[in-house]
2 protein chains.
Amino acid sequence: MSRKRITSKELAKLAGVSSATISRAFSPDSRIGGATRDRILAVAREHGYQPNAIARSLNNQRSRLVALVVNAIGNPCEAEEQQLLVHRLQAKQLLPIILCCADHTDRLQLMRLASTYQVDHVVIFSDMVSMKDAVDIFHTTRPIIVSFEPVESDSVSHIRIDGSAAAGEIIDKIVKDGRKRFAYLSGTSSSWIDKLRRKWFADALAKHGLAFEADAYGDYSYDSGFKEAVLLLHRSKADAIICGNDVMAIGARDAARRVLNRNTPDDLAIVGQDGIAMAAWDCHDLTTLSLDHAAFMDAVVDLIDRHDADLEGPHSITLTCKARWGTTA
Amino acid sequence: MSRKRITSKELAKLAGVSSATISRAFSPDSRIGGATRDRILAVAREHGYQPNAIARSLNNQRSRLVALVVNAIGNPCEAEEQQLLVHRLQAKQLLPIILCCADHTDRLQLMRLASTYQVDHVVIFSDMVSMKDAVDIFHTTRPIIVSFEPVESDSVSHIRIDGSAAAGEIIDKIVKDGRKRFAYLSGTSSSWIDKLRRKWFADALAKHGLAFEADAYGDYSYDSGFKEAVLLLHRSKADAIICGNDVMAIGARDAARRVLNRNTPDDLAIVGQDGIAMAAWDCHDLTTLSLDHAAFMDAVVDLIDRHDADLEGPHSITLTCKARWGTTA
DNA sequence: TGATTTTGTGTACACGATTACACAAATGGT
DNA sequence: ACCATTTGTGTAATCGTGTACACAAAATCA
């Protein structure tokens, strides 16, 4: 129960060797006698010695830390992906540092702070971070942008999501059901992602000679979905609402049912996006434009591996969404 | 857009000073001329210099890293608290490292890894970590245990949650409604927390001369809530189910409604625990034993502050739960 | 003016590990 | 038995900061 951590030099004295040998005992493939290593490891265990990762990082120029920039942890739409990624990172002995921020200037501040920790990789989930800021702040670490901003760049790798086909399927079905008045409930008023997602559906509508009749803007939360849906349904005659994510769709559906007494799918069609586990819960059973989160995070890890292998050039991976059919549309 | 990060020594050369002066320019209260500092900061900005936090940590013996040990990020019951804590830590310029693990041996492994990074603080949300393991692994950092294990110890601080009064209120109401056959749906079969929570309700039942007639064990997830509720309702005649957390309660309610065609609260009373935001959503409107998460995380930060101030002795904070009334019981 | 304090800066070492280099001992081949 | 190679270990430098100490210049005080 020592209050102070033992150093390699002290352990060296205890084991009767030099501190270099201690280090070698902990490096899997280094020239060291088997007997010596065993003895050192035994003494180390006895005294609770573990090499100091901070000192090692300084020497190595490799911290094994990964910064994850996200908007929220509490929102299931993001948390689900984050959990998958965290598990994958941990399996590679990489430790995730979470940078979670709603406010933009705070976020940049935070990113600067994390960059001083010499993180080996940066994964940006937030659609609010511009590529310029990302490259600026992490100039030694090529960031991985997990948004859908369609930019090719040598200094940034990114994952592109294509939901156009699945959005087409969904719109086709809803139109076939006889609906004509569509509204789009955005997750935010100012992000690439949201504009692109809306476009998938808008293009699909155009094929039927239709367009969105109304737009509303929330903040990806249940509350905003609820509130904006009420306003939307009061000021328009929409019979179908496409929502920016699943949580907002759930909020919108509750609003329709509770405030306006309209049920899905009979009186109103509601579509979500993301395909989170919750969307499939019996109480929701949402029709949603879903993404395979496991494949998504596999792609992120793939990019990390490419960076580690020091492959040059921009890296980009494209994933496609699928329609998940529930009973709300 | 330099590929390599500039060091304090290089910047010193550029600014025509010694590296010590560079360091001083970045330390708020240190003896340095105002003009020199301004000049250095200007040159630093120009070359994108930021002090290397890893090197600083090594020198300082202070990493400003905090390890958060959790079972899951994806589960809203935990994610909500985690988000609040992360925000509070970031406001104090502390960076959270997330250790997220379902498997027990992996978790210990991960905790050992994090401990080599000389984290300044450790907050353990997982009820699966024994105090002995925590102290063993983080022997230089007094861990903060956020579980309800009622142990006094000098080397561990903890937050104790008391839900007995609120559980009493809830049980009183349900009994008054005429129900007599209670079941408890645990979140896990082997944790302190769960046993204690169950006891709050069991004690309240005892005051009415009642006891739990049936028990089931899940894993805090919706799916397990759903599945176990089906089995439970098949093998017992329970007319009230107390669940280990809100997510399981939602699962149980869906199961009752869908599989057995029993609605809440008429055919069955269902109670959750945690009081997450989702519990208040219109589609759930859960009656739940709720905790003020903001106050909870304030308490965690309070303990961190006490550790920073190096106050001796065991620290313990007790919080009490409140009943949140919904329409499920 | 001369003594004393304050201010600003450089030098050198510490933090705790890794690793290039040197070198002795052990090993192998003929 | 001799030389070449391999093996195991110690010495010393390095990673990038922070800071105790030393010391000159400037400021303060009588």
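Every chain is numbered from 1, with letters handed out A, B, ... down the list of sequences.
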### Query
Which residues, if any, of residues 30-37 of chain A bring a heavy atom under 4.0 Å of DNA chain D?
A:R31, A:I32, A:G33, A:T36

#### Entry: Contact under 4.0 Å: A:S8 side-chain N or O vs C:dG16 OP1/OP2
no

### Message
Which residues in residues 50-61 of chain B have a heavy atom closer than 4.0 Å to any atom of DNA chain C?
### Response
B:L58, B:N59, B:Q61

### Query
Which residues pass the salt bridge (charged side-chain N to carboxylate O under 4.0 Å, His left out) test with A:D302, sequence neighbours left out?
A:R306

### salt bridge (charged side-chain N to carboxylate O under 4.0 Å, His left out) partners of residues 8-22 of chain A, not counting sequence neighbours, each pair once
none

### Message
Quick one about A:T188 and A:D194 (side-chain donor to acceptor, distance below 3.5 Å, no hydrogens or angles considered), yes or no?
### Response
no

### Summary
Under a 4.0 Å heavy-atom criterion, DNA chain D is touched by chain A from D:dT7 to D:dG16

### Summary
Residue set satisfying side chain to side chain contact (heavy atoms under 4.5 Å, CB included) with B:D308, at least two apart, ordered chain then number -> B:R62, B:H121, B:I304

### Message
I need the full list of salt bridge (charged side-chain N to carboxylate O under 4.0 Å, His left out) pairs touching residues 66-87 of chain B, with sequence neighbours left out, sorted by first then second residue.
### Response
none

### Task
Could you tell me the separation between the NZ atom of A:K9 and the P atom of C:dC13, rounded to a whole number of Å?
13 Å

### salt bridge (charged side-chain N to carboxylate O under 4.0 Å, His left out) partners of residues 90-110 of chain A, not counting sequence neighbours, each pair once
A:K92-A:D305

### Query
For B:S8, what residues pass the side chain to side chain contact (heavy atoms under 4.5 Å, CB included) criterion, not counting sequence neighbours?
B:S19, B:I22, B:Y49

### Query
salt bridge (charged side-chain N to carboxylate O under 4.0 Å, His left out): which pairs involve residues 40-49 of chain B, sequence neighbours left out?
none

#### Entry: With sequence neighbours excluded, residues passing side chain to side chain contact (heavy atoms under 4.5 Å, CB included) with B:D29
none

### B:L84: side chain to side chain contact (heavy atoms under 4.5 Å, CB included) partners, not counting sequence neighbours
B:R88, B:H293, B:M297

